[in-house]
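When a residue number appears, it is its place in the shown sequence, counting from 1.
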Amino acid sequence: MTSAPPLTDRLDGLLFFPVTAYGPDGALNLPAFRAHVRAGVDAGAAAVFACCGTGEFHALTPEEFRDCVAAAVQEVGGRVPVLAGAGYGTALAARYARLAEAAGADGLLAMPPYLVVAGQAGLLRHYTDLAAATALPVIVYQRDNAVFTPETVAAFARTPGIVGLKDGLGDLDLLQRIVSAVRTEAEGEQFLYFNGLPTAELTGLAYRGLGVRLYSSAVFAFAPEVATTFHRALEGGDGTTVDRLIDGFYRPLVELRNQGRGYAVSLVKAGVRLRGTDVGPVRPPLGEPASEHVEALAGLIEQGLALTGVPAGGR
């Protein structure tokens, strides 16, 4: 039996961040979650990132997290890698990492530490300790209170077990300096970069200018037809299609997303429900989108599908 290629060789394509499904009683709805994951993989997802930001990592108990990651692993059946979130303080992050490893995950997305704003030495220690907690490869998520200097990211790249950086900050000057530092100070290390902004397609062209091709697609969770059409056009240099989808779908979507707090998650979940999978509402402290915003999203989905040539209501 041959071992699977390393994670860094397996991540290539659209990265799928499924929402976590809840039932009417607020408990996990694992059958709906499995259906959502299965639909994403069948639609062409290159990897599944379970129980991360879009999956409401913050709202899950350790036991719920374990069950969701295990369900994703079982549903995917080895077709693509499954990565799971890990966060809070170092001890709890390590606990979540071990739960993900026991559930069969292929890697971790290391969320920012809880609440504290730490110096670079403390951040380096946190992620180094997390990487040492399991055999799973770790992608570090830069955003909010976890912002790194180029020197720190170069140190990450030299740390066994840390294989990449997901950028949710959007500071391209900083990211260019990070890429340069890793290239010069961690020469020979294979290190991945991801565009992790909430609607990454809108900045896809800019990130590609820095050589960053991988991105997480929130749209893929509810309109994979639009997301895959855009990705194919971006990869193939089809600027006409890229511009058409940015102008007619992605820019209006971002403007709608900016209408409410937490919409980067709750609006995505509303989109999944609109497409026919009852994944339930978000958990507090997040709240549901306003009804007029859900109605606007439904219209945008129809518009996006029309721009790709997919009939409204089709899947």
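Residue pairs meeting the salt bridge (charged side-chain N to carboxylate O under 4.0 Å, His left out) criterion with at least one partner in residues 250-267, sequence neighbours excluded, are Arg251-Glu255. Listed by first and then second residue, the ring pair (Phe, Tyr, Trp, His ring centres under 6.0 Å) pairs that reach into residues 79-112 are Phe57-Tyr88, Phe57-Tyr96, Phe65-Tyr96, Tyr88-Tyr96, sequence neighbours excluded.
Asn145 places a side-chain N or O within 3.5 Å of a backbone atom of Pro113 that can act as its donor or acceptor partner. The backbone N or O of Ala206 lies less than 3.5 Å from no partner atom in the side chain of Thr203, so there is not a single donor-acceptor pair. Side chain of Arg177 to main chain of Pro150: no donor-acceptor pair is present (N/O by atom type, distance under 3.5 Å, no hydrogens or angles). Within the 3.5 Å criterion, the main-chain N or O of Glu151 finds no donor-acceptor partner in the side chain of Glu185. The closest donor-acceptor contact from the side chain of Asp106 to the backbone of Leu83 lies at 3.5 Å or more, if one exists at all. Of the possible donor and acceptor atoms, none in the side chain of Lys269 sits under 3.5 Å from a partner among the backbone N and O of Thr54. Gln142 places no side-chain N or O within 3.5 Å of a backbone atom of Leu165 that could act as its donor or acceptor partner. Checking side-chain atoms of Ser180 against main-chain N and O of Gln176 turns up no donor-acceptor pair under 3.5 Å. For Ser217 (side chain) and Phe220 (main-chain N/O), a donor-acceptor pair under 3.5 Å exists by modelled atom type. The closest donor-acceptor contact from the side chain of Glu75 to the backbone of Ala35 lies at 3.5 Å or more, if one exists at all.
We find the CD-CG distance between Glu201 and Leu253 to be 9.0 Å, quoted to the nearest 0.5 Å. Atom CD1 of Ile246 sits about 11.5 Å away from atom CZ of Arg244, to the nearest 0.5 Å. Rounding to the nearest 0.5 angstrom, the gap separating the CG atom in Leu234 from the CZ atom in Arg208 is 4.5 Å. Here CG of Leu15 is found 9.0 Å from OH of Tyr215. Values are rounded to the nearest 0.5 Å. Going from atom CZ of Phe33 over to atom SG of Cys68 covers 4.5 Å, rounded to the nearest 0.5 Å. Rounded to the nearest 0.5 angstrom, Asp129 CG and Thr90 OG1 are separated by 6.0 Å.
Taking 4.5 Å as the limit, some side-chain heavy atom of His58 sits within range of a side-chain heavy atom of Pro285. Side-chain contact between Leu11 and Val163 is absent, with no heavy-atom pair separated by less than 4.5 Å. Looking only at side-chain heavy atoms (C-beta outward), Phe222 and Val268 come within less than 4.5 Å of each other. Using a 4.5 Å heavy-atom threshold, the side chains of Val279 and Asn29 count as separate. Tyr114 is not listed as a side-chain neighbour of Leu92, based on a closest heavy-atom distance of 4.5 Å or more.
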Start with the C-alpha distance between Leu245 and Thr308, add both sets of side-chain angles, then the distance that settles side-chain contact (heavy atoms from CB on, under 4.5 Å), and finish with yes or no. CA-CA 8 Å; Leu245 287 172; Thr308 66; 4.2 Å; yes
Run Gln259 and Glu292 through side-chain contact (heavy atoms from CB on, under 4.5 Å) and show every step you take. CA-CA 11 Å; Gln259 295 299 306; Glu292 63 268 23; over 6 Å; no
Could you go through Leu202 and Leu197, starting from their C-alpha distance and side-chain angles, then the distance that decides it, and tell me whether this counts as side-chain contact (heavy atoms from CB on, under 4.5 Å)? CA-CA 9 Å; Leu202 201 64; Leu197 291 175; over 6 Å; no
Pair Thr8-Gln190, side-chain hydrogen bond (donor to acceptor under 3.5 Å, both in side chains): steps then yes or no: CA-CA 7 Å; Thr8 49; Gln190 188 175 8; 3.3 Å; yes
Output, in order, the C-alpha distance, side-chain angles, deciding distance and verdict of side-chain contact (heavy atoms from CB on, under 4.5 Å) for Val226 and Leu307. CA-CA 8 Å; Val226 178; Leu307 291 171; over 6 Å; no
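In the hydrophobic clustering of ILVMFWY residues, with side-chain heavy atoms under 4.5 Å counting as a link, Val282 and Leu60 come out apart. With hydrophobic clusters built from ILVMFWY side chains whose heavy atoms lie under 4.5 angstrom apart, Met111 does not share a cluster with Val116. Val179 and Phe156 fall within the same hydrophobic cluster, defined by Ile, Leu, Val, Met, Phe, Trp and Tyr side-chain heavy atoms under 4.5 Å apart, directly or through other members. Hydrophobic clustering, with ILVMFWY side chains joined whenever heavy atoms are under 4.5 angstrom apart, groups Leu99 together with Val37. A single hydrophobic cluster is seen to contain both Val219 and Phe16, as judged by linkage of ILVMFWY side chains at heavy-atom distances under 4.5 Å, directly or through other members.
Taking all atoms of both residues into account, the shortest heavy-atom contact from Gly107 to Leu7 is CA-CD2, 4.3 Å. Here the shortest heavy-atom pairing between Pro281 and Glu56 reads O-OE2, 4.5 Å. When all heavy atoms of Gly53 and Val265 are compared, the closest pair comes out as O-CG2, 3.7 Å. The minimum heavy-atom distance between His36 and Val19, with the atom names listed, is NE2-N, 3.2 Å. Heavy-atom minimum distance, Val212 versus Asn195: CG1-N, 3.8 Å. Taking all atoms of both residues into account, the shortest heavy-atom contact from Ala50 to Pro18 is CA-CG, 4.3 Å.
Summarising the local packing, CZ of Arg158 is surrounded by more than 12 heavy atoms from other residues, nucleotides or ligands at distances under 6.0 Å. The environment of Arg125 atom CZ is sparse: at most 12 non-hydrogen atoms of other residues, nucleotides or ligands sit within 6.0 angstrom.
Cation-pi contact between Lys166 and Phe194: absent, since separation from the ring centre below 6.0 Å together with deviation from the ring axis within 45° is not met.
In this structure, Tyr127 has its ring center closer than 6.0 angstrom to the ring center of Phe148.
Qualifying side chain to side chain contact (heavy atoms under 4.5 Å, CB included) partners for Asp278, counting only residues two or more places apart in sequence or in other chains: Arg273.
Look at Asp238 and Arg232 and you find no salt bridge, because none of the NZ, NE, NH1 or NH2 atoms lies under 4.0 Å from a carboxylate O.
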